[in-house]
Amino acid sequence: MSESLIGFVVSYRRGPKTQRSKECILKFPNVKSSSEAARLIGGKVAWPVGERKIRGKIVALHGKRGLVRVRFRRGVSGEALGTRVEIIG
């Protein structure tokens, strides 16, 4: 995993009638395939909220285009959609 890799929150993990605020789908601009994204699984990410950061872990792939699924410790607000997330470890 490379340092300071920046990704973007694309969406929450959703179902037909549910939305999980603790799980989000992330896109990293330099990652184009599922094989490249598979190397990111297990990495830790942080979404900044003012001075604090909500931490999460990359837990799975999402599709074939290099998107990943992240499970955060706390629920992420709707303001997170479209914002930056960075890999921290």
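We use all heavy atoms of the structure for the numbers below, so side chains are in, but hydrogens, waters and symmetry mates are not.
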Name the atoms and distances for all side-chain donor-acceptor pairs under 3.5 Å in residues 64-76, with sequence neighbours left out.
unit_1, atom_1, unit_2, atom_2, d
R69, NE, E23, OE1, 3.3
R71, NE, E23, OE2, 3.1
R71, NH2, E23, OE2, 3.3

Output a table of donor-acceptor pairs, distance under 3.5 Å, between side-chain atoms of residues 45-63 and any protein atom two or more places apart or on a different chain; print 'none' if there are none.
unit_1, atom_1, unit_2, atom_2, d
W47, NE1, T83, OG1, 2.7
K53, NZ, E86, OE2, 3.0

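Here S33 pairs with S35, E36 under the side chain to side chain contact (heavy atoms under 4.5 Å, CB included) rule; sequence neighbours left out.
V85 and I41 fall within the same hydrophobic cluster, defined by Ile, Leu, Val, Met, Phe, Trp and Tyr side-chain heavy atoms under 4.5 Å apart, directly or through other members. Both V9 and L5 are part of a single hydrophobic cluster, where members link through side-chain heavy atoms under 4.5 Å apart.
Counting only distance, with no hydrogens or angles, the side chain of Y12 and the backbone of G78 share a donor-acceptor pair below 3.5 Å.
Nearest heavy-atom pair across P29 and K32 is O-NZ, 3.1 Å.
Here CG of N30 is found 10.5 Å from CD1 of I6. Values are rounded to the nearest 0.5 Å.
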